[in-house]
Number of protein chains: 2
Amino acid sequence: MTTTSANSGRPRNRATGEGGARRRGKGSAALASERREHLVRLAAELFAEKGYQATTVRNIADEAGILSGSLYHHFDSKESIVDEILAGFFNEIMAAYRKVIDEGKDPRETIAGLVRIAFGTLEPHRAAITVMQNDWNHLKSVERFAYLTRSEDEVERMWVDTIKAGQEQGLFRPDIDPKLTYRMIRDTVWVAVRWFRPGGRLDSQGLADHYLKVMFDGINTH
Amino acid sequence: MTTTSANSGRPRNRATGEGGARRRGKGSAALASERREHLVRLAAELFAEKGYQATTVRNIADEAGILSGSLYHHFDSKESIVDEILAGFFNEIMAAYRKVIDEGKDPRETIAGLVRIAFGTLEPHRAAITVMQNDWNHLKSVERFAYLTRSEDEVERMWVDTIKAGQEQGLFRPDIDPKLTYRMIRDTVWVAVRWFRPGGRLDSQGLADHYLKVMFDGINTH
DNA sequence: GTCTATAAAGCGATAGAC
DNA sequence: GTCTATCGCTTTATAGAC
């Protein structure tokens with residue numbers, strides 16, 4: 001599990017995020033890590049339900065069937081729990097975005113790739129996205145979470161540059177504003193976290209397809 | 001945002017004490033005192049900044065230059081403040097929506113009208129929209145705010161019916177999902193409250209125009 | 001209409017027993 | 001690894017003086 005650059009400068013390594021290498025050891029370190037991972041997942045469910053600020057450490061402890069004080073055996077603070085969730089999300093999505101950009105396909109395919117990646121995170125990173133939307137204003141003013149703003153800036157550059165390239169190549173209409181269009185896309189994707197539930201009529205890629213259809217060609221008949 | 005600027009003038013609400021003797025304005029239901037209105041506006045600014053739950057009554061009192069206890073001379077509870085803000089917003093937007101629907105224009109014009117109304121509320125109802133987005137999950141489970149869900153359902157029906165009518169008349173493509181499309185539009189408009197600030201490059205109707213352009217015809221060149 | 005003063009509950013976090 | 005017990009602080013809200 002490589003720790004990519006989204007949160008460099010952190011004093012100590014954190015346990016692996018989801019999808020990482022499985023620990024096979026049966027030592028106490030491995031058990032501790034699994035316990036910790038489990039608690040992070042419980043916290044994530046609650047954050048996804050109502051956001052970070054609105055979730056109390058007592059809520060998390062209740063969910064785990066322990067007392068709130070016991071949580072502090074595993075975590076320094078409530079902040080460090082959400083940090084773990086957010087950093088995992090940002091590391092993953094940034095890496096995926098960069099890969100698509102580096103493939104250097106034409107702007108239409110690149111935009112479609114970015115959109116698909118974004119929709120694909122709705123399910124596995126529901127908590128991070130909810131927190132991002134509900135608690136952004138609070139978190140961005142906390143020194144520890146400065147990496148959020150840095151990552152967002154990098155992401156914006158990727159999208160806006162791609163849209164501009166598409167306009168220069170005559171693929172996208174010249175009379176749309178690249179930054180405004182980026183925001184429209186970004187917001188529409190993330191906000192779906194409020195109502196999207198896997199197992200419904202459409203999965204996240206069906207949602208992405210519908211969105212790409214409307215975004216590229218509009219709802220008008222031609 | 002400073003204390004006095006929003007309500008310059010501060011006319012005659014003086015002789016009316018409290019304790020029963022209400023001032024009857026011209027009209028029916030006793031105009032709320034201007035002091036009260038001023039306080040609601042201050043609270044709204046704070047709710048718009050960081051949401052309802054994250055705003056404390058002390059924050060509101062500080063902004064007004066009084067102590068938190070003094071607020072309870074004007075309001076029953078923090079809930080009743082946000083209720084006033086939300087009810088005002090919903091009353092206004094529902095009336096405006098209904099008017100557009102009742103004009104019975106063709107679906108394209110009707111959708112454009114609804115979109116313009118929605119964008120038009122971004123500025124005057126910033127607080128209500130922010131609260132709607134940040135605290136919806138919390139508020140909808142409070143009995144007092146059951147009207148929020150009812151209004152939302154009615155709004156959804158208006159949009160979805162209009163989109164379906166447009167499809168039946170051959171104006172909108174048949175391969176888009178009406179409900180999904182409604183959600184896309186709704187979310188994209190409201191989420192703009194996070195970054196839209198009047199006085200920027202585009203006003204809210206410029207934003208609406210850009211959005212309608214993309215939504216009707218897409219970003220592709222044809 | 002605002003103040004002083006405070007209640008009752010909840011918050012994040014800590015210390016030390018087991 | 002969890003519990004008991006609690007600290008210091010903040011929260012919404014109330015009572016009564018002025």
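Letters A, B, ... mirror the listed sequences (proteins, then strands); counts begin at 1. Please read all numbers here as calculations on a predicted model, not as lab measurements.
- The side chain of Thr56(B) sits closest to dT11(D) out of dA13(C), dT2(D), dT11(D).
- Rounded to an integer number of Å, the gap from Gln53(A) CD to dG10(C) P is 19 Å.
- Taking atom CG of residue Leu67(B) and atom P of nucleotide dC3(C), one finds them 4 Å apart after rounding to whole Å.
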Inset, instruction - Apply side-chain contact (heavy atoms from CB on, under 4.5 Å) to Arg183(B) and Val191(A), showing your working. - result: CA-CA 10 Å; Arg183(B) 282 183 182 159; Val191(A) 89; over 6 Å; no
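- Here His73(B) does not reach the OP1 or OP2 of dC3(C): none of its side-chain N or O atoms lies under 4.0 Å away.
- The CG-C1' distance, from Asp76(B) to dA15(D), rounds to 16 Å in whole Å.
- When distances are taken from the side chain of Ile66(B) to each of dA13(D), dA13(C), dT2(C), the shortest belongs to dT2(C).
- Following rounding to the nearest Å, Asn59(A) (CG) and dC11(C) (C1') show an atom-to-atom distance of 11 Å.
- In this structure, Arg197(B) places its CZ atom where more than 12 heavy-atom neighbours from other residues, nucleotides or ligands lie under 6.0 Å away.
- Taking atom NE2 of His138(B) as the reference point, atom P of dT12(D) lies 11 Å away to the nearest angstrom.
- Judged purely by distance below 3.5 Å, without hydrogens or angles, the side chains of Asp83(A) and Tyr147(A) pair a donor atom with an acceptor atom.
- Relative ring orientation between Trp136(B) and Phe90(B) is described as tilted, the plane-to-plane angle lying within the 30° to 60° band.
- Atom pair Glu79(A):CD and dA13(C):P shows a separation of 7 Å (rounding to whole Å applied).
- Looking at which nucleotide of DNA chain D each of Val57(B) and Ser70(A) is closest to, the 5′-most match is held by Ser70(A).
- Between the P atom of dT11(D) and the CG atom of Asp62(B) lies a distance of 10 Å, rounded to the nearest Å.
- To the nearest angstrom, P of dT12(D) lies 5 Å from NZ of Lys78(B).
- For dA13(D), the OP1/OP2 oxygens have a side-chain nitrogen or oxygen of Tyr72(B) closer than 4.0 Å.
- Under 3.5 Å, the side chain of Arg35(B) and the base of dG1(C) form no donor-acceptor pair of N or O atoms.
- In summary, the side chains of Asn59(B) and Thr56(B) do present a donor paired with an acceptor at a separation below 3.5 Å, with no hydrogens or angles considered.
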